[in-house]
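By convention here, the first residue in the shown sequence is residue 1. Just follow the structure's listing: the first ligand is 1, and inside any ligand the first atom is 1.
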Amino acid sequence: MENQKKYNINDDIDYVMISEAELKELVTKIAGQIDEDYPDPTKKLLLLCILKGSVVFMGDLMKTIKRPVEIDFMKVSSYGSGTVSSNSVNILLDIHRGDMNNLDIVIIEDIIDSGKTMKYLTQYLKNKGARSIRVAALLDKPSRRAVDFDADYIGCEIEDEFVVGYGLDYDERYRALPYVGVLKPHVYNS
Ligand code: IMP
Ligand code: MG
């Protein structure tokens, strides 16, 4: 039975930007591109989920990709709290693997904003010796870019609005909403 509560728009959400059905299409598109780009099932492919915002996207994507994948997790800090980006990237949870030089990695990220997190992380994983690194981002806010960075797979470009749901949070809330929505301004102003 469907959870009725989750399908009613949350009182704090101004409007739904990307519906569940649209999210499913975006995931299917990216999964197809990854299957096409990594056709050899005997080569290891690691989906590297960046906690916590990418966890829902990761779950749906790994089910939709047809080829075999391994999964792993890293946690990095970019936003302290609220909607303001910080300048430095800290690694809070790292991967420790002995097979980096035999590993093609696709980083699974919820959203690219300034680009600082992904620019730092791709370089960090290159330095660790990964054979190849690509980035799959569900959402991209190109108008916010502060550094030169482009993801390899992008679900959807969005305007400069703070979005929540489908894993994305505002102060740890709203991650479990099944859609991507825009918060009402009173939520951050109060
Ligand atoms: P960047 O280093 O500025 O590109 O930061 C990207 C990270 O900021 C994402 O992984 C999110 O955790 C967070 N972020 C950026 N924009 C939003 C948003 O609109 N909603 C929720 N989190 C966001
Ligand atoms: Mg994040």
> Heavy atom under 4.0 Å from ligand 1: found in Glu161's side chain, backbone, both, or neither?
Replying inline: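 Looking at Glu161 and ligand 1, just backbone atoms fall under 4.0 Å.
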Is the shortest side-chain N to carboxylate O distance from [X] to [Y] below 4.0 Å?
| X | Y | value |
| --- | --- | --- |
| Asp14 | Lys184 | no |
| Arg144 | Asp113 | yes |
| Arg145 | Asp140 | yes |
| Lys44 | Asp99 | yes |

| said: Is it the case that the side chains of Asp37 and Tyr153 hold a donor-acceptor pair, with the cut-off being a distance below 3.5 Å and no angle test? | reply: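 A pair is found: one side chain offers a donor N or O, the other an acceptor, under 3.5 Å apart.
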Per-atom contacts of ligand 1 with [X], taking only distances under 4.0 Å to non-hydrogen atoms:
| X | answer |
| --- | --- |
| Asp169 | 21 (C) |
| Glu109 | 9 (C), 10 (O) |
| Leu168 | 20 (N), 21 (C), 22 (N) |

Practice task
Please determine if Gly115 has a nitrogen or oxygen closer than 3.5 Å to a nitrogen or oxygen of ligand 1.
Solution key: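 Yes - when backbone and side-chain N and O of Gly115 are compared with those of ligand 1, one distance drops under 3.5 Å.
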For ligand 1, find out whether one of its N or O atoms is nearer than 3.5 Å to an N or O atom of Met118.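 So ligand 1 has no N or O lying under 3.5 Å from an N or O of Met118.
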Can a donor-acceptor pair be found, under 3.5 Å and without considering hydrogens, that links the side chain of Lys52 to the backbone of Asp169?
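Absent.
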- Query: Of Asp110, Val89, Ile111, which has the heavy atom at the shortest distance from atom 23 (C) of ligand 1?
  - Reply: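 Going through Asp110, Val89, Ile111 one by one, Ile111 has the nearest heavy atom to atom 23 (C) of ligand 1.
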Out of curiosity, is Val163 lining ligand 1, as in a heavy atom under 4.0 Å away?
->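 Yes; Val163 lies near enough to ligand 1 that a heavy-atom distance drops under 4.0 Å.
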